[in-house]
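First the structure, in the form of structure tokens, and then the observations on it.
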Amino acid sequence: MAKFKSAFYQDLEKNLKNPEFAAAYHLEGLRIQMIDELINQLDDARALEGISKTQLALALQQQPANVRRFFTAKRRNPTLSSFIDFALMLGYRIKLEPLTKAEKKQTQAA
């Protein structure tokens with residue numbers, strides 16, 4: 001029995017054959033993954049330090065709702081400055097890590 005693919009996945013499969021599209025698609029996927037990982041690591045650090053989101057907001061002189069959204073929003077696009085402010089307040093630094101060879105290859109158009 002053939003497995004049904006929605007029109008979206010059929011189009012995606014077709015578009016991924018274009019090297020420029022595939023590179024942009026994989027690059028955006030890595031971008032989203034990196035943002036999610038950083039936010040999750042900051043939230044884990046916050047919890048490990050025993051600091052509530054409200055306490056963090058007060059220390060950063062921000063509204064508690066803004067801090068809650070930073071950690072829980074489904075669509076996230078925080079600034080680097082926000083990441084650094086949160087990390088510093090929690091006693092952490094943000095470091096760069098090189099992509100794997102496979103990740104580099106995926107994100108470069110042929």
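Fair warning: this is a prediction, and the values are worked out from it, not measured in the lab.
- Placement of Val67 and Ile84 within a single hydrophobic cluster is found when ILVMFWY residues are connected by side-chain heavy-atom separations under 4.5 Å, directly or transitively.
- Donor-acceptor pairing under 3.5 Å is lacking for the side chains of Glu37 and Gln41.
- Separating the CD atom in Gln63 from the CZ atom in Arg68 is a distance of 9.5 Å, to the nearest 0.5 Å.
- The neighbour count for Gln33 CD, taken as heavy atoms of other residues, nucleotides or ligands under 6.0 Å away, is above 12.
- Residues Ala23 and Gln108 approach most closely at CB-C, 3.6 Å, considering heavy atoms.
- Asp43 has its side chain within reach of Lys53: a pair of non-hydrogen atoms, C-beta onward, lies under 4.5 Å apart.
- At least one side-chain heavy atom of Lys95 sits under 4.5 Å from a side-chain heavy atom of Arg93.
- Ala57 approaches Pro64 most closely through the heavy-atom pair CB-CA, 3.6 Å.
- Because its NZ or CZ atom is both nearer than 6.0 Å to the ring centre of Phe71 and within 45° of the ring axis, Arg46 counts as a cation-pi partner of that residue.
- Summarising the geometry, atom CG belonging to Leu58 is positioned 7.5 Å from atom OG belonging to Ser52; distances are rounded to the nearest 0.5 Å.
- One finds the NZ atom of Lys104 at 7.0 Å from the CG atom of Leu99 (value rounded to the nearest 0.5 Å).
- One distance of note links CZ of Phe21 with NE2 of His26; it measures 9.0 Å at 0.5 Å rounding.
- Transitive grouping of hydrophobic side chains (ILVMFWY, heavy atoms separated by less than 4.5 Å) keeps Leu80 and Leu30 in distinct clusters.
- Here the CG atom belonging to Leu56 is positioned 9.0 Å from the CZ atom belonging to Phe70, to the nearest 0.5 angstrom.
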| message | Checking Lys14 against Tyr9 for the side chain to side chain contact (heavy atoms under 4.5 Å, CB included) test, could you report, in this order, the C-alpha distance in whole Å, the side-chain angles of both residues, the deciding distance, and whether it holds? | response | CA-CA 8 Å; Lys14 179 181 145 210; Tyr9 287 106; over 6 Å; no

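- The cluster map of Ile, Leu, Val, Met, Phe, Trp and Tyr, joined by side-chain heavy atoms under 4.5 Å apart, puts Ile35 and Leu38 in the same cluster.
- Remark: side-chain polar atoms of Gln10 are paired, donor with acceptor, to backbone N or O of Lys5 under 3.5 angstrom.
- Residue Phe86 is grouped with residue Ile94 when hydrophobic side chains (ILVMFWY) are merged at heavy-atom distances under 4.5 angstrom, including chains of intermediate members.
- Residue Asp11 holds its CG atom at 10.5 Å from CG of Leu16, rounded to the nearest 0.5 Å.
- Within the 4.5 Å cutoff, no side-chain heavy atoms of Ser82 are placed close to those of Asp85.
- Leu88 is connected to Ile39 through a chain of hydrophobic side-chain contacts under 4.5 Å among Ile, Leu, Val, Met, Phe, Trp and Tyr, so both are in one cluster.
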